Amino acid sequence: MPGHVGSDYETLRPDFKVITDPYSGKDVLLVPAITPDVSVIHALQADAAGNLILDEKEDDFLLAQASRAVVASAEEIVDADTLRRAPYGVRLSEIYVTALVPAPGGAHPTACRGRYGIDDAHITEYLRLAGSDDTFRDYLRCYVFDLKDHGAYLAEVGLGALAA
Amino acid sequence: MAAVIARAVDDRETVAVGTLSPIPAAGVLLARSRHAPRARVIIINHEDCWPFHNGSKEFYDFAQRRKIDLFFLSGGQIDQFGNLNLITIGEHDHPKVRLPGGAGSAMLYYLAGRVMLFRADHTPRTFVERVDCVTSPGTSPPRVLRPGGPWKVVTPLAVFAFNRERGRLELESVHPGVSVAEVQSSTGFPLRSPGHVPTTSPPDEQDLAILRGPVRESVATLYPIFARTAFLAA
């Protein structure tokens with residue numbers, strides 16, 4: 001990892017090691033690779049085999065490569081031919097994908113390119129209620145436990161039109 | 001601050017703006033509208049100013065090839081040596097404040113050619129003698145690969161320049177209506193300056209019109225609240 005040498009990362013993270021780069025002779029910091037057990041990513045489109053189109057602004061491809069298992073949710077399931085012709089997005093092969101969940105509106109309250117914007121009112125409410133365990137229970141009750149399914153959640157947050 | 005940032009941009013160079021940086025975004029867009037039309041402007045995740053197709057990874061890879069001439073960083077604390085703290089304030093294991101973390105700053109601070117630091121406030125709490133935790137140091141010994149580093153600091157009160165030989169921040173100019181004494185009382189370390197401290201030249205009418213018109217509209221896509229609250233009417 002370039003940079004970092006001489007910062008407090010060296011003492012805060014004993015697993016980071018300074019070594020001499022054998023090519024340049026300069027000190028460089030080595031950082032162990034992160035290997036998540038599971039990553040959860042959201043795709044713009046997927047086919048039934050689990051091939052994905054991902055937002056180009058996200059680092060989901062890197063995350064999928066690094067992880068032992070990948071659970072993908074997808075805004076839309078399309079046939080393989082439509083997926084091949086998608087004009088925008090990073091393609092991730094199904095060989096990385098462990099499980100696929102159809103989930104229109106699945107990025108809410110964050111944005112999903114071309115479909116819905118960021119729900120800043122919801123995020124503001126979340127931040128307020130996440131401040132303590134008691135109020136966070138209220139959040140979970142309102143948006144998770146008291147809703148019978150994903151369609152009910154979408155209706156509750158004003159994205160009912162996305163429900164199949 | 002945006003006008004000071006705009007003047008820092010040279011025509012034809014590559015200038016990049018990272019996350020949580022609305023004032024630098026406004027500044028570089030102003031520069032491109034005025035004296036730097038051929039500057040390559042990269043603003044993270046901006047629909048019109050983001051040339052990458054593989055997330056922030058591609059941006060960091062690009063930076064590691066030393067392709068960024070000018071970048072902008074900030075810190076929860078900034079000290080007289082140009083050290084940045086984005087990790088914790090107070091004792092590390094029992095912090096008073098837990099800051100968001102360094103993200104790419106400890107790489108970009110070394111590899112972007114010039115780094116301009118910015119803070120939307122100027123208090124002795126943020127401009128300290130010595131940071132509590134060095135997320136990214138201002139200078140490095142020769143054994144470390146470091147082509148870039150701190151260049152200037154802009155705040156609502158003043159501009160500092162980083163003296164690389166001395167490894168210290170020096171007061172470069174004070175904004176109109178601000179005295180050196182006021183900057184000193186707002187700064188937690190003794191000010192150094194090369195002599196007479198001039199006044200920062202203010203933005204002209206055209207700068208203000210561009211900032212309040214097209215620049216405001218362009219940053220609104222990334223920073224809607226900033227665009228609503230930080231500008232006077234066009």
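Worth knowing before you read on, the calculation uses all heavy atoms, side chains too, and leaves out hydrogens, waters and symmetry mates. Just so it is clear, the structure is predicted and the values come from calculations on it, not from any experiment. Chain naming here is simple, since letters A, B, ... match the order of the sequence lines and numbering starts at 1 in each.
For chain B, the nearby part of A:L12 is the side chain; its heavy atoms alone come within less than 4.5 Å. Proximity to chain A is absent for every atom of B:I44, based on heavy atoms less than 4.5 angstrom apart. Contacts of B:R143 with chain A are made by both backbone and side-chain atoms, with heavy-atom separations under 4.5 Å.
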- Task: Show your working on salt bridge (Lys or Arg N to Asp or Glu O under 4.0 Å) between A:D59 and B:K57 and close with a plain yes or no.
- Result: CA-CA 7 Å; A:D59 289 298; B:K57 177 195 187 294; over 6 Å; no
- Check the pair B:E47 / A:R113 against salt bridge (Lys or Arg N to Asp or Glu O under 4.0 Å), numbers first and verdict last. CA-CA 11 Å; B:E47 205 55 49; A:R113 184 188 168 85; 3.3 Å; yes
- Could you walk me through whether A:Y9 and B:V134 pass side-chain contact (heavy atoms from CB on, under 4.5 Å), step by step? CA-CA 8 Å; A:Y9 283 108; B:V134 181; over 6 Å; no
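When atom types are taken as modelled, the side chain of A:D8 and the backbone of B:T135 share no donor-acceptor pair closer than 3.5 angstrom. Of the possible polar contacts, one joining the A:K26 side chain to the B:P142 backbone as a donor-acceptor pair under 3.5 Å is found. Formation of a donor-acceptor pair under 3.5 Å by the B:Y110 side chain with backbone atoms of A:V5 is found in this model.
Within a 6.0 Å sphere centred on OH of A:Y126, other residues, nucleotides and ligands contribute 12 heavy atoms or fewer. Within a 6.0 Å sphere centred on CD of A:Q65, heavy atoms belonging to other residues, nucleotides or ligands number more than 12. Environment of CZ in B:R7: crowded, with over 12 heavy atoms of neighbouring residues, nucleotides or ligands closer than 6.0 Å. Summarising the local packing, CG of A:D146 is surrounded by more than 12 heavy atoms from other residues, nucleotides or ligands at distances under 6.0 Å. In A:R91, the CZ atom is crowded: over 12 heavy atoms of neighbouring residues, nucleotides or ligands sit closer than 6.0 Å. A:L127 CG: more than 12 foreign heavy atoms inside a 6.0 Å radius.
Taking all atoms of both residues into account, the shortest heavy-atom contact from B:H53 to A:E56 is ND1-OE1, 2.6 Å.
Contact tally against chain B (heavy-atom pairs below 4.5 Å) for A:G3, A:G25, A:G89: the top residue is A:G3. Top candidate by heavy-atom pairs under 4.5 Å with chain A, chosen from B:A106, B:G104, B:S136, is B:A106. Of the listed residues (A:P2, A:G117, A:G6), the one with the most heavy-atom contacts under 4.5 Å to chain B is A:P2.
Using a 4.5 Å heavy-atom threshold, the side chains of A:V28 and B:L145 count as separate.
With rounding to the nearest 0.5 angstrom, the CG atom of B:L84 is 10.5 Å from the OG atom of A:S7. Between atom OH of residue B:Y60 and atom CE of residue A:M1 there is a gap of 9.5 Å, rounded to the nearest 0.5 Å. Rounding to the nearest 0.5 Å places CG of B:N54 at 11.0 Å from CG of A:D60.
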